[in-house]
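Read the structure below first, then the notes.
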Amino acid sequence: MKITLPDGSEKSFDKQVSAAEVAADIGAGLAKAAIGAKVDGELYDLNRPLPGDCGLAIITKPREDKKGKSKWRDGKPDADALYLLRHSCAHVMAEAICKLWPDTQLAYGPPLDNGFYYDLSLDTPISSDDFAKIEAEMKRIVEEDRPFTRYELDADTGFPKLNEEGNKYKIDNAERACAGGAKTLSWYITGEANGFNPWASLTCAPKPENFEDLCQGPHVPSTGAVGAFKVMSIASSNWHGDVTSDRFQRVYGTAFFTQADLDEHLENLEQARQRDHRVIGPRLGLYTIDEQVGQGLVLWKPNGAVVRQELQNFIAEHLTRQGYKQVFTPHIGKLGLYKTSGHYPYYQDSQYPALVSREQVNALADEGCTCAQLSSQMEAGEIDGYLLKPMNCPHHIRIFASDKHSYRDLPIRLAEFGTVYRWEQSGELGGMTRVRGFTQDDAHLFCTEDQLDAELSGCLELVKIVFNTLGMEDYRVRVGLRDPDGDKYVGEPAQWDKAEAACLKAAKSLGVEFSSEPGEAAFYGPKIDFVVKDVIGREWQLGTVQVDYQLPIRFDLSYTGADNTQKKPVMIHRAPFGSMERFIGVLIEHFNGAFPLWLAPQQMRVLPISDKFLEYAQSVTDKLKAAGFRVELDANNERLNAKIKLAQEAKVPYMLVVGGKDQDAGTVSVRHRSEGDKGAVAVEAFIEAAVKERDERSLGSQS
RNA sequence: GCCACCCUAGCUCAGUGGUAGAGCACUCCCUUGGUAAGGGAGAGGUCGUGGGUUCAAAUCCCAUGGGUGGCUCCA
């Protein structure tokens, strides 16, 4: 057989060999470091016979640097190596848990980007107090350095074995594997193969003394390859994500090749925790959430309000430039409005309950009406009420409908910072990123079909301006298409095709990579979303642009065409920030609370070195205020060091130290929060530079 | 909504059945200073809330509110 290596060189063997044998043929060092192989793009166990002529890459353990950290060949961690390691560690953990709780039924245990988990069914709840004893058991298994041994059975022998063992989840996994085209079922023994040839087709199952698990593999050669690991957390999950199905305990863990790598990872997690907007936000006085006000209802404190207002001013400038008109609409609307739009009852579960007049409720109560009857009468349209608006589009649509429009008027672009309310599940709420009341930087564009492409481009352009201005480069673009099997969508397939085509075309013109994701569309149309990750790795949709042929039909909107016939406009829904709450939550983490000058709640702080210089400090402060800066004078009876520490902690961009030398020279001694002491500068010169930095919305230097 | 865990002073936390603690912040006094915490004194908590067990509960049990991590959901 002929093996082609990644550098293009070839090796020939006159018998079937495994990657291990190829590695040994190349060199003893490689053979020792090898933990797996990639065969024409598919991961293989090291000792699994190669399929024939193929391209082969040997996956190796990293070397260690002086500090014990992994040193990777091309500088960045090899995802395949870590995949093998973590998948293998999941087996080690599963074995440990099965030993500690023998009635455990294993379900599914895949590797993740930064670790792994195992879903398992067990009556006893596992708690974090148990982690130490799970880890101790894992440590023993790793120290035993038992080989991972794969064997395969065909369906005829495999299923009887599974049926006898009676783990319905593994049976289901096997059935799905077969349905997916698998010709055999594979198991991994954590230990020796008891003398049988694991790669030969077996007619009967062996009875291993060691732990084994139905698993596609592959794995590292032996448990000893697992360097450092930690059981991280416990959560619940459901079989195939179905909440009505069986519930599992999901145990999360992570593994690295070295202890130093693991330590570094844990340190990074801790730093991420310190950067979390839920930690920084309240500390910097940006926002609070109050039990008495309600879950998921953000109270913007003065500092947060500044950031929000600056962002709103920023976007408003661009809206004016792009021909948007500002509107205001109320926070509630009649139920019928949302029946027309289709939001009610599609999303009844995620709306605040309707507001019904006291007289009506009393009258119904007198009639002995139950809540269930009330609800069904409301749905049937027999009772009217008001809904806290879950979105702004119906209101904007009614503004459009209040005038007769000619094709000459289009496009019409109506913008509003519109506050909406959604009854999100309590378990979903958190910080500013998932809330029950939020303000969208919303707009609805009504245009002709011919104008659609240009308008979409304009919307995407705006989102890009937002991201560029704030230096947010780490985002992905998702084109949400309808799920072919979904039933939540309204409208004709032909219109969906047109709308989806328009979105894909616009996304392509964006010049950024994007992914098409079926099932991610809104119920009325496809959309282009800008998605970013928060500091703990969760993804959030921020900016969004959506194409909608449906609501103009449902609301019977029209404009007069050039041929004097009535035509349907196409709508675009778009929000560059998405919601102010979520956007600023992510932004706090992006800047680690150190906002650029134009956004900083407090832009400067004047620090007199003693109260002898208070008068001069006050005159400097007044000049800065006159230049429009948000500035405070720290007149506390404290030493300079203490004042600096407080200002640094508040992440104030500029600290202006003033003492005798400055008073005599008419200067301020500038300290920047990330650049440190910049020396004495004339007050006017400082103001001039700072005005420029502010007005250009410069990102400045970030710490 | 589901599962696990958590809730003690404004903040971060210690306190496993026997008289509620520390640091920071706060108030007052001393100190008047040049780039990340000067010194002293004082004030501040019915231990999320409501029940229960007990001679005795921050501590054990039940319920409930809120938070965290996941699952599910996200117009």
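To find a chain, count down the sequence lines: A is the first, B the second, and so on, and within it residues start at 1.
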Please name the nucleotide paired to [N] by Watson-Crick or G-U wobble geometry with both distances under 3.5 Å, or report none.
{"N": "B:rG42", "result": "B:rC26"}
{"N": "B:rA58", "result": "none"}
{"N": "B:rG21", "result": "B:rC13"}
{"N": "B:rG48", "result": "B:rU64"}

Considering only atom [atom1], compute the distance from [N] to [M] and round it to an integer number of Å.
{"N": "B:rA58", "M": "B:rA20", "atom1": "C1'", "result": "8 Å"}
{"N": "B:rG42", "M": "B:rU53", "atom1": "P", "result": "42 Å"}
{"N": "B:rU64", "M": "B:rC28", "atom1": "P", "result": "46 Å"}
{"N": "B:rG67", "M": "B:rA75", "atom1": "C1'", "result": "27 Å"}

Check nucleotides 5-11 of chain B for protein N or O atoms closer than 3.5 Å to its own N or O atoms and list the pairs.
none

The criterion is side chain to side chain contact (heavy atoms under 4.5 Å, CB included); which residues satisfy it with [X], sequence neighbours excluded?
{"X": "A:W423", "answer": "A:Y352, A:R436"}
{"X": "A:P653", "answer": "A:L597, A:A600, A:R673"}
{"X": "A:R476", "answer": "A:R478, A:S515, A:E517, A:V531, A:E539"}
{"X": "A:R283", "answer": "A:Q274, A:V279"}

Checklist line | Results of ring-ring contact (aromatic ring centres under 6.0 Å, His included) for A:Y338 - residues two or more places apart only | finding: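 ring-ring contact (aromatic ring centres under 6.0 Å, His included) list for A:Y338, sorted by chain: empty.
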Margin query: Using the ring-ring contact (aromatic ring centres under 6.0 Å, His included) criterion, which residues pair with A:Y169? Sequence neighbours excluded.
Written below: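 So A:Y169 forms a ring-ring contact (aromatic ring centres under 6.0 Å, His included) with A:W239, A:F248.
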Sub-3.5 Å pairs of nitrogen or oxygen atoms, protein against nucleotides 61-71 of chain B:
| from | atom 1 | to | atom 2 | distance (Å) |
| --- | --- | --- | --- | --- |
| B:rG65 | O2' | A:E291 | OE2 | 3.3 |
| B:rG66 | OP1 | A:Q295 | OE1 | 3.3 |
| B:rG67 | OP2 | A:Q295 | NE2 | 2.5 |
| B:rG69 | OP1 | A:R278 | NH1 | 3.1 |
| B:rG69 | OP1 | A:R278 | NH2 | 2.5 |
| B:rG69 | OP1 | A:R538 | NH2 | 3.2 |
| B:rG69 | OP2 | A:R278 | NH1 | 2.9 |
| B:rG70 | OP2 | A:R538 | NH1 | 2.9 |
| B:rG70 | O3' | A:Y252 | OH | 3.2 |
| B:rG70 | O2' | A:Y252 | OH | 3.2 |
| B:rG70 | N2 | A:S236 | OG | 2.5 |
| B:rC71 | O4' | A:S236 | O | 3.0 |
| B:rC71 | O2' | A:N238 | OD1 | 3.2 |
| B:rC71 | N4 | A:E428 | OE2 | 3.4 |

Set out, line by line, the N/O atom pairs under 3.5 Å between protein and nucleotides 32-34 of chain B.
| from | atom 1 | to | atom 2 | distance (Å) |
| --- | --- | --- | --- | --- |
| B:rU32 | O2 | A:S610 | OG | 3.1 |
| B:rU32 | O2 | A:D611 | N | 3.1 |
| B:rU32 | O2 | A:D611 | OD1 | 2.8 |
| B:rU32 | N3 | A:D611 | OD1 | 2.6 |
| B:rU32 | N3 | A:D611 | OD2 | 3.0 |
| B:rU32 | O4 | A:D611 | OD2 | 3.1 |
| B:rG33 | OP2 | A:K612 | NZ | 3.2 |
| B:rG33 | N9 | A:I609 | O | 3.2 |
| B:rG33 | N7 | A:I609 | O | 2.4 |
| B:rG33 | N7 | A:S610 | N | 3.4 |
| B:rG33 | O6 | A:N637 | OD1 | 3.4 |
| B:rG34 | O6 | A:G660 | N | 2.8 |
| B:rG34 | O6 | A:K661 | N | 2.6 |
| B:rG34 | N1 | A:D662 | OD2 | 2.7 |
| B:rG34 | N2 | A:D662 | OD2 | 2.8 |
| B:rG34 | N2 | A:S669 | OG | 2.4 |

Margin query: My understanding is that only residues two or more places apart in sequence, or in another chain, count here; which of them pass salt bridge (Lys or Arg N to Asp or Glu O under 4.0 Å) with A:R176?
Written below: A:D172
Note to self: Side chains of A:H343 and A:Q348, heavy atoms from C-beta outward: is any pair under 4.5 Å?
What the structure shows: no
Next item on the list: Would you classify A:Y117 as touching base, sugar-phosphate or nothing, given that sugar-phosphate means primed atoms plus P, OP1 and OP2, and contacts are heavy atoms under 4.0 Å?
Entry: nothing
Next item on the list: Please confirm whether any donor atom in the side chain of A:K645 sits under 3.5 Å from an acceptor in the base of B:rA36, or the reverse.
Entry: no
Next item on the list: Please evaluate the base of B:rC74 for a donor-acceptor partner in the side chain of A:R436 within a cut-off of under 3.5 Å?
Entry: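 By the distance-only test, no, there is no pair.
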Check: Any side chain to side chain donor-acceptor pair (under 3.5 Å) pairs touching residues 286-305 of chain A, not counting sequence neighbours?
Finding: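 Listed once each, the pairs are A:W300-A:E581.
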Notebook entry, point to check: Does A:V658 offer a backbone N or O that forms a donor-acceptor pair with the side chain of A:Q663 under 3.5 Å?
Noted result: no
Note to self: My understanding is that only residues two or more places apart in sequence, or in another chain, count here; which of them pass side-chain hydrogen bond (donor to acceptor under 3.5 Å, both in side chains) with A:S669?
What the structure shows: A:D662
